[in-house]
Every structure is written in C-alpha cells, then in structure tokens.
Number of protein chains: 2
Amino acid sequence: MTNDPTPPNQTPEDASERMDIRTIARLANVSIATVSRTINRVSTVNPKMAKRVWEVIEKLDFVPNTQARALVSGRSKLFGLLISEITNPFFPELIQGFEEIAVEHGYEILISSTNHDPKRMSHCIRRMLERKVEGVAIMTFGIEEPLLEQLAKRKVPLVFIDVGPDRPGISVLKVDYHHGIRQAVQHLAALGHRRIAFVSGPKLLHSAQSRLAAYTKSMHECGIVPDPGWIVEGDHTLEGGVAAMGQLLAQDDLATAVLCSNDMTAIGVLHKLYRTGLRVPDDISVIGFDDIHIAEVTIPPLTTIQMSRFEIAKAAFDALQSQVESPNQLIGKREFNISTSLIVRESTSYPRGTMEHLRKKST
Amino acid sequence: MTNDPTPPNQTPEDASERMDIRTIARLANVSIATVSRTINRVSTVNPKMAKRVWEVIEKLDFVPNTQARALVSGRSKLFGLLISEITNPFFPELIQGFEEIAVEHGYEILISSTNHDPKRMSHCIRRMLERKVEGVAIMTFGIEEPLLEQLAKRKVPLVFIDVGPDRPGISVLKVDYHHGIRQAVQHLAALGHRRIAFVSGPKLLHSAQSRLAAYTKSMHECGIVPDPGWIVEGDHTLEGGVAAMGQLLAQDDLATAVLCSNDMTAIGVLHKLYRTGLRVPDDISVIGFDDIHIAEVTIPPLTTIQMSRFEIAKAAFDALQSQVESPNQLIGKREFNISTSLIVRESTSYPRGTMEHLRKKST
DNA sequence: GTGAAAGCGCTAACAC
DNA sequence: GTGTTAGCGCTTTCAC
C-alpha cells in the first residue's frame, strides 16, 4: 500500500494518495517554493505562474496540511479557550463570539471545560501545551496559581478575566462589576426595597467575591447595612439558585428583593419562588447577572445586569493576538475594561405592601 | 538567537529554548529513539533506561509536540464536531459528553458551529480538512450533499445524526423520534386533548421533518386527523417559539395543546402564552423536545421528550473511533439507535373545561 | 533491546 | 522572481 503506483483504472483526480505541495508543483511545472508562496499569497510571485498553480490546486482540490505548516513555521494558529462549564449558557455565548473572531483572523480554538476541577484544569493545560497553542484565554473566573505556572513558564500569552497576575505577557479583562451592581441596588432602593438579599457565586471564585463586594459597597452607598443573613452562597447553577432561595425562605424576616450573582442562579430562584407560591415581582423582586439570552423569556422576564459576551470575546482575542503578533511593543500587563449595566425587565417592582400603602395614601 | 549556546547565567532548568526529544536524549544518555519509545510506552524498553528518561522529562517538564507526532505518524488524534448553533443548550450538553469521552481516549475535538449557514459550513469543513481531522461527527441535523463530498472524497470517517448517506465509512445515529412523540401524543389524548398543534423546526432540517412525520403518524394512531392549521413552522429558537405561538393564537379555533419540535421553541411558546395571559397547563398544555437541563425549572416545569445527549455523544464517538481504529472490520454503514421517551412534568393537563365538566358530572 | 537514519509536508533562507 | 536546500520535532524502519 505504501509505494504502489497509481492503478491504471484510477483517474488522476481521485488519486488521493500523497497529495502534497510537491504534486502541485510537478503538475503546475513550478518549484514547491513557488507553490508555497502562491498559497501564502506572497506578492512577488509571477501572476501567470500563480494562476497555473491555483488551477492545479482547485482541480485537485488540494488542502494544505496545517500540522506541517505549524511545525516548520512555529505558528500553530491555535488559541486555547478555558472555561468552567460549557453547560452554563453564558459560556456558549462567549465561545460563539470568540470563535467568530478567531476564525476571521485565521485562528482555530481549542475549547476545554474545567468543570471547576483543578485536576481537570491541569489536564486541559497539558493538552493545550501539547498542541502548542499560541495563547490561552482563561475564562474560568479564577485559576489556581500553580497551574498557571505551566503556562507562564513557557511564556504562553495569557488573558484572564477579572483576576490576573501582574506579569509580562499577561493581559486582564477588568470587569466593572460595581457599575452594574450599583445600578441594580439603586434601582431596588428607589423602588423602596431595603431588605435586599444577595445570592453569591462559589466563594472561591474571584469574580464571585468581586460581585459580592460590589453588592456590599452599593448597599452602603444607599445607606443600608446589609444583614449577614441576607447573603447566601450559591454556585452559579440552577440547582444552587433553588437551594439558596430555600435558605432565604427559611429565615424569619424574608428579604423583599434578591440580587443574584448570575442568571442561572436567578432562574433557580425564580423557580423556587414559583414552587413556594410567591409571585415575582409582586411578592418579591429578583435580579440576575449576565443577561444570557434566555433571561428575556423567563417568567417574568428577568431584570438583570448585562455583561457583554461579545465585548469580552473581542477583548480577549485582541489581547492574545497583540501579544502574539507584536510581542515587542507593549510588553507587560495590559488591561481592558468591560462594562456592566442594568437591564430592567419585569422581575422587579415595589416591595410587597407598598402599592397598597400608596393607594391608601392617595385616598 | 538561532545558535547561541546556553548563556552561563541560565540554569539548565529554565533553558526553555529548544526543548525537544533530542535534549532529553542527551541528558538521559540514550538515543532519541529510546526517548520516543519511552514516551510511547513501548514495552521493550529497558526499565532502567525508561526510568532515567522519565526523570529527565519530569525535571525539564517536557511536553511532546503533537504537531510533529501527527505529521510523522499520520494520526492527528483530532475529531471534528460540527453543530448548528452552540447557543442552543442542547449542543453544549452534547459537546460536554463528546469532549469527555474523546479526551478519555486521547482525542481532541475541533468544534465548529455552522449557524445553519451553508457557506459557514463549507468553511468549517475546510478548516477541519486542513487540521487533518480523523473523523467528524455531523450533529447539524441535516447537511447539504455537495459539502459532504469534500469529506467523503477524502475518506474521512463520518457519523451523522438522523440523516445519513449510505456509504462505507459513514455511520448514522438513528433517532427513534416516533417512540417519544407517540408517547407525548397519547399522553395528551389520554388527558382528553384532540386539538393538538405542532410547532415544527425549520422545514429544511431532516430531523424536523422526521419529528413532524412522527407527530402526524401518532395523531392518526390516536384517531385524530390533524388540521393543517395546527401545524406551524418554527426554527428551533426562542424567538421562533414566540412567533409560532403567535400564529397559533391568531387562529379561530385555538388548539388545547402544543407539541414543540424542541425545548427552546417550547420555552418561547410558554413565554408567548404568559404574555397573552393564558395559563399553562390550565388553559393550554405544552410539550417540548430534547429535555435540556433548564426544562426542569421553566414555569411551569416542562413536560418534554427526552433524547439523551450522553447516549448520542457516546454513540458518535464510538462510531468514529471504530472506523478509525479498525477500518477493516465492519466496513460499511453502521447504525446506532437512539431512543426518546416522554418525561411528564407540569406543563400538561386536561384541556380547558374538562375539569369543570368532570366536576359537574360527579356532582 | 537500542541506535542511526530516513522522512512526514511544509516554510524560509539562500543562491541564482 | 524562482528554485534548491535545510530543517521543524517526532516516529519508524532497519541494522546491530
């Protein structure tokens, strides 16, 4: 099978064995270098020859081998994308943006989910190293330092979201959680809410900490001292939201509004409330975070804080690309700002009793 | 920069330049062949040497270059995964399963979304060809024949869902839509529904056609002749569901139950109903298809037809792997059966009026 | 059982 | 402007 000549009954078109740059060169009567140059659109090639080469390429339907290209050029044209769990709609939306931009620029992406498991993360990083990624976007909202070493040691450009070690070759996307969260708290306070609960994300996540801190700060700004009982830990999943709302419900003095660390949590909260027979927003207001697509059609439509996936994807890609393609300029940490802002829909309203109170007043 | 010797101020550990099998060989005092064999766990290597090699590898934290391996061995250990839109939660759940299994078996996956755009699909296929994937799972629920040619011509093993050309090297996952859909229709009929509407998927999708056909057949089995007006075309998105329900609502004789081609559609339908002030399931029953995770917490929890993502992922991977690793045995089309079954939750009940009717009867 | 040597398909010097 | 040649980092005959 190795070196049998093309069987006589095969037309040259489907002689699919050994289709390489050399074959093209022979058929187009040029050298392999010319073929390579043509494919890579080097401007110095004689248009006549180029045309001949392209014709042969099209006729044979030749596709260059990326592995060989990568091996010799040292450019894999591959970026790693590390996420925590593909199952949270936030991430697919982010992936979509990242992939779009990457492909547009001739890059491929290698996606890995860590599922919050450090062991898995270590595997993911190893695999990325083996495939020689040129950079990796770490969108897990938190990473163990030792694992990071693997990448840093090899000088792989990195971009983090939120949390980022301050080193050359590392960019970080600074999300302005406070802006959106303050808007949310103010929105609630303006409506008359004082007892505003917060369902946080897993406390080991930096982003979760930042969101919590933004909540606390915003509450103080509104002159409210948050009761520790109002803060309960979720885990950014549907089930976590259900459980967290359960905890809140078990308390004597029920909050009149619940701010959630992400939309999945909020959807869980909505569900638990539905199960309990409490109406949103009549009995209690709920606010999410992320503004995933589905938040528009929850029942009721979710008031939430938007954080643009596209903005993040774009910034992450740009950070990586600039590190790779012009490593000399701008060495050192680069920061990108990501904004957040409140989207008011229908899961927020006056605290229970306010309407009656107002009505009485006006009568 | 090319051939400068290790600077004296650098310890060998961080002499990160040119870390290859050769370096390991030199430091372990063996030949590169032995290093290669050790890494590949060839059993004939002398344990003593192997130990020495592993020690050096660990000390230098050496990671083999997959590109080079792939180039010389002809095995990229890469599978392509073609999906229609990553934004539909069905797919991330499928990706998760596929990735898990693939990584377990030493494969990496290249994910591409076509977004239902033939042009994009053509790009995706091209990129996969360039990266020399060893097989591709086409989970788009429909593909244009000409594009398929690209893959088939190069004898890339393929696995389709639902629709599959009958050729060697091509496997197909046959989903038994009829089973689940019949259960759904019977469930509805048993509850007393006769006017059961169906929101289909995009009509150009094979899977959508199959689901529609299963609905029609099941209706007839229950002795109901479906009115053409009951069948409206959606597009498997939230918005499509909203729009489809809008169409249904505009009709004189409103259906008492709506069966949807997928869960996203059903969630859209639920939302439109909520907007209209109709209660589910009191005024109208709704059934979805897929059983995505979020279906458990919709309001009300969605009765839906389950199609196991894990089962699909596993079958797809197995099909591909068996084609790649033992191409001689079982040449030809291989079929895998995927089952579907009804999960009854709370979006279905008696048609409006039945309860009162029953109550009257019993009084 | 181990090493030397020949490439895998391509790019990038370097001559011409 | 085009061709020749030397590898990229690895696996895999093939001798020993």
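Residue numbering restarts at 1 for every chain, and letters A, B, ... go by the order of the sequence lines.
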Trainee: Rounded to the Å, how far apart are A/R41 CZ and C/dC10 P?
Mentor: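 It is 16 Å, rounded to the nearest whole Å.
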Trainee: Please name the pair of heavy atoms, one in A/H116 and one in A/S84, separated by the smallest distance, quoted to 0.1 Å.
Mentor: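 Shortest heavy-atom separation between A/H116 and A/S84 comes out as CE1-CB, 3.5 Å.
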Trainee: Check this for me: does any side-chain nitrogen of one of B/D117 and B/K119 sit under 4.0 Å from a carboxylate oxygen of the other?
Mentor: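 Salt bridge absent between B/D117 and B/K119.
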Trainee: Hey, is the main chain of A/V172 close enough, under 3.5 Å, to the side chain of A/E335 for a donor-acceptor pair?
Mentor: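 Not confirmed, A/E335 side chain does not pair with A/V172 backbone.
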Trainee: Would you call the rings of A/F317 and A/F98 parallel, tilted or perpendicular, where under 30° means parallel and over 60° means perpendicular?
Mentor: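 The rings of A/F317 and A/F98 stand perpendicular, inter-plane angle above 60°.
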Trainee: Between B/S31 and C/dT2, is there a contact of a side-chain N or O with OP1 or OP2 at under 4.0 Å?
Mentor: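 So the side-chain polar atoms of B/S31 never come under 4.0 Å of the phosphate oxygens OP1 or OP2 of C/dT2.
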Trainee: Tell me whether B/T38 contacts the main-chain N or O of B/T34 through its side chain, where contact means a donor paired with an acceptor under 3.5 Å.
Mentor: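 Here the side-chain-to-backbone pair exists.
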Trainee: Hey, what do you get for CD1 (A/I111) to SG (A/C124), rounding to the nearest 0.5 Å?
Mentor: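 These two atoms lie 11.5 Å from each other.
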Trainee: Is the shortest distance from a Lys or Arg side-chain nitrogen in A/E100 or A/K314 to a carboxylate oxygen in the other one below 4.0 Å?
Mentor: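 The answer is no: the pair does not qualify as a salt bridge.
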Trainee: Could you tell me how far apart A/I24 (CD1) and D/dT2 (P) are, to the nearest whole angstrom?
Mentor: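 In whole Å, D/dT2 P lies 17 Å from A/I24 CD1.
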Trainee: Given side chains that start at C-beta, do those of B/N65 and A/L71 come closer than 4.5 Å, heavy atoms only?
Mentor: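 Yes - at least one pair of side-chain heavy atoms lies under 4.5 Å apart.
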Trainee: Rounding to 10 degrees, work out the angle separating the end axes of the helix from C/dG1-D/dC16 to C/dC16-D/dG1 (five pairs an end).
Mentor: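 The end axes of the helix from C/dG1-D/dC16 to C/dC16-D/dG1 are about 40° apart, to the nearest 10°.
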Trainee: For a quick check, with a 4.0 angstrom heavy-atom cut-off, what is the B/S/- contact string for nucleotides 8-16 of chain D, read 5' to 3'?
Mentor: BBBBBB---
